Visitor: 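Structure incoming, see below.
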Amino acid sequence: MMSESSRPAVAIDRQYAPDQTLDPAQVGVLQREWARRVVEEPLAAPPTLIAGSDVHMRDDRALATVVVLRFPELEVVETVQGEAALRFPYVPGLLSWRELPALLDALGRLTVRPDLLLADGQGLAHPRGFGLACHLGLATGLPTLGCAKSILRGDHPPLAEERGAREPLIYRGRVVGAALRTKDRVKPLYVSVGHRITLDEAVDYVLRSCTKYRLPEPNRLAHATAQARGTRILVAVASPVHPCPKRDATMKWSSRSPSSAGFGKAAAGPGLV
DNA sequence: GCGACAG
DNA sequence: ATCTTGTCGC
């Protein structure tokens with residue numbers, strides 16, 4: 001058989017693949033530009049398939065996992081994995097440049113198309129309005145939302161202790177997201193628009209995806225799978241240990257790069273050349 | 001200058 | 001995120 005070239009469930013727009021050679025200042029400029037392309041609008045229809053993603057770091061490698069669940073049943077429909085070499089340091093505000101390669105690798109392997117993707121990080125609640133969730137949205141064209149475990153930027157009024165309690169996340173006088181209690185008396189999650197969704201919908205779907213745990217099921221399962229794979233506690237019946245070729249650790253830009261100001265220190269920390 | 005800083 | 005065991009609490 002042939003010619004029945006069924007296109008991938010999720011097409012990756014390579015124009016948004018992170019250019020790993022850019023320095024922080026250049027990335028910042030790109031983020032501001034791309035932030036203008038983010039669309040904040042109501043979902044076209046209630047989602048039937050929702051996905052959650054997570055990335056596990058291990059030995060200079062980023063292992064991504066995406067789990068798709070049927071909604072609102074929350075039954076697993078598909079699980080895919082992706083991988084990429086870590087060629088970018090962790091810099092607050094530039095997370096997508098570090099994690100997107102592995103995530104796109106995984107997303108490109110999906111055989112079903114999610115109606116919504118819950119990313120583990122910020123969406124619009126970002127210094128330049130372009131967190132990981134927004135980046136994933138533009139790269140896949142899918143509706144996305146950011147679901148972070150801690151705040152990157154912004155503040156919010158005290159939150160009631162009951163599950164469902166919600167307060168706006170404010171940054172520079174703007175509502176960039178929402179603090180959401182997904183479980184009684186447990187630290188809240190920070191939800192924000194990623195792409196093609198409204199904040200109210202994002203909050204609604206995150207809450208409806210949380211059953212007995214703090215994190216939404218898609219993300220919780222993706223995290224467990226990614227972590228297990230990274231720690232090698234999964235039954236690797238037919239798959240040998242991943243080859244680990246030699247690679248130099250050029251994980252930091254010139255320590256005197258004038259354009260690096262204002263982006264915080266690199267993961268390697270100060271003092272390293 | 002100092003503090004903050006998704007994963 | 002990662003390095004890492006047990007432990008206090010519902």
Side-chain angles (χ1 to χ4, degrees), chain A residues 18 24 27-28 31 35 38 52-66 82-104 106 117-137 144-156 161-163 169-172 176-180 183-195 202 206 212-216 218-220 222-233 249 251 260-270:
Chain A
V27 172
Q31 290 181 315
V38 168
S53 61
D54 188 73
V55 178
H56 184 81
M57 265 63 117
R58 181 81 176 187
D59 300 327
D60 293 352
R61 301 293 294 177
L63 310 176
T65 296
V66 174
E83 173 174 1
L86 281 176
R87 296 171 182 172
F88 207 84
Y90 167 69
V91 179
L94 308 187
L95 182 64
S96 66
W97 248 253
R98 182 173 170 77
E99 302 194 338
L100 219 63
L103 286 168
L104 296 184
L117 174 60
L118 286 59
D120 65 318
Q122 316 290 350
L124 295 180
H126 174 279
R128 291 168 292 285
F130 196 71
L132 175 63
C134 298
H135 202 156
L136 278 170
T144 63
L145 64 83
C147 182
K149 297 180 291 301
S150 62
I151 295 174
L152 174 58
R153 290 297 157 80
D155 283 292
H156 64 84
E161 295 297 328
E162 299 69 40
R163 167 190 156 87
L169 179 61
I170 311 296
Y171 178 54
R172 290 178 173 172
V176 296
L180 175 67
K183 191 177 191 302
D184 289 357
R185 311 176 68 81
V186 166
K187 292 178 61 61
L189 289 184
Y190 301 92
V191 182
S192 58
V193 168
H195 187 48
V206 165
K212 50 184 304 189
Y213 300 94
R214 180 197 182 206
L215 300 180
N219 306 279
R220 195 177 69 76
H223 182 278
T225 300
Q227 200 285 326
R229 179 193 181 200
T231 311
R232 297 204 270 286
I233 63 176
M251 299 295 287
S260 296
F263 285 87
K265 62 183 177 184

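Values in this document were obtained by computation on a predicted structure and should not be read as measured data. By convention in this document, chain letters (A, B, ...) are assigned in the order of the sequence lines, proteins followed by strands, and residues within each chain are numbered from 1. All heavy atoms count here, side chains included; hydrogens, waters and symmetry mates do not.
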Visitor: Got a donor-acceptor contact below 3.5 angstrom from the A:Gln122 side chain to the A:Ser150 backbone?
Guide: yes

Visitor: On the nucleotide B:dA6, are OP1 or OP2 found under 4.0 Å from the side-chain N or O atoms that A:Tyr190 carries?
Guide: no

Visitor: On DNA chain C, reading 5' to 3', which nucleotide is the first and which the last to sit with an atom under 4.0 Å from a heavy atom of chain A, could you check?
Guide: C:dA1 to C:dC3

Visitor: Under 4.0 angstrom, heavy atoms only, what part of the nucleic acid is A:Gly146 near: base, sugar-phosphate, or nothing?
Guide: nothing

Visitor: Could you grab the distance from atom CG of A:Leu132 to atom CG of A:Leu94, nearest 0.5 Å is fine?
Guide: 12.0 Å

Visitor: What is the separation between atom NE2 on A:His135 and atom P on B:dG7, rounded to the nearest whole Å?
Guide: 18 Å

Visitor: Checking contacts here: which listed nucleotide (B:dA6, B:dA4, B:dG7) is nearest the side-chain heavy atoms of A:Arg153?
Guide: B:dA4

Visitor: Nearest 0.5 Å, please: how far is CG in A:Leu189 from CD1 in A:Ile151?
Guide: 11.0 Å

Visitor: Let me know the distance between CG of A:Asn219 and P of B:dA6, rounded to the nearest Å.
Guide: 17 Å

Visitor: Heavy-atom distance under 4.5 Å between the side chains of A:Val27 and A:Val91, does that happen here?
Guide: no

Visitor: Hey, where does DNA chain B pair up into stems, meaning at least three consecutive Watson-Crick or G-U pairs with distances under 3.5 Å?
Guide: none

Visitor: Between A:Asp184 and A:Arg163, is there a donor-acceptor pair closer than 3.5 Å when you use the side chain of the first and the backbone of the second?
Guide: yes

Visitor: Could you grab the distance from atom OG of A:Ser53 to atom CG of A:Leu118, nearest 0.5 Å is fine?
Guide: 8.0 Å

Visitor: What's the spacing between A:Asp120 CG and A:Cys147 SG if we round to 0.5 Å?
Guide: 8.5 Å

Visitor: Distance-only, no hydrogens or angles: does the A:His126 side chain make a donor-acceptor pair with backbone N or O of A:Gly93 under 3.5 Å?
Guide: yes

Visitor: Just to be sure I understand: a Watson-Crick pair is purine N1 to pyrimidine N3 plus N6-O4 or O6-N4, both under 3.5 Å. Using that and G-U wobbles, which stems of three or more pairs involve DNA chain C?
Guide: none

Visitor: Would you mind classifying the nucleic acid contact of A:His56 as base, sugar-phosphate or nothing, using non-hydrogen atoms under 4.0 angstrom?
Guide: sugar-phosphate

Visitor: If you measure from NE2 on A:His195 to NE2 on A:His135, what distance do you get to the nearest 0.5 Å?
Guide: 12.0 Å

Visitor: If I take atom CZ in residue A:Arg172 and atom C1' in nucleotide B:dC5, what distance separates them, rounded to the nearest angstrom?
Guide: 14 Å

Visitor: When the distance from CD of A:Gln227 to P of B:dG7 is rounded to whole Å, what number comes out?
Guide: 16 Å

Visitor: Has the side chain of A:Thr144 got a donor or acceptor atom that lies under 3.5 Å from a matching backbone atom of A:Leu117?
Guide: no

Visitor: Tell me, do A:Leu215 and A:His223 make a side-chain contact under 4.5 Å, heavy atoms counted?
Guide: no

Visitor: For B:dG7, take OP1 and OP2 only and decide whether either is under 4.0 Å from a side-chain N or O of A:Lys149.
Guide: yes

Visitor: B:dA6 phosphate, OP1 or OP2: any side-chain N/O from A:Ser96 under 4.0 angstrom?
Guide: no

Visitor: Just how far, in rounded Å, is C1' of B:dG7 from CG of A:Leu86?
Guide: 11 Å

Visitor: Could you tell me how far apart A:Met57 (CE) and B:dA6 (P) are, to the nearest whole angstrom?
Guide: 12 Å

Visitor: Roughly, in whole Å, what's the span from CG in A:Leu63 to C1' in B:dG7?
Guide: 14 Å

Visitor: What's the separation between atom CG in A:Leu180 and atom CZ in A:Arg214, rounded to the nearest 0.5 Å?
Guide: 10.5 Å

Visitor: For A:Leu95 and B:dA6, what is the distance between atoms CG and P respectively, to the nearest whole Å?
Guide: 9 Å

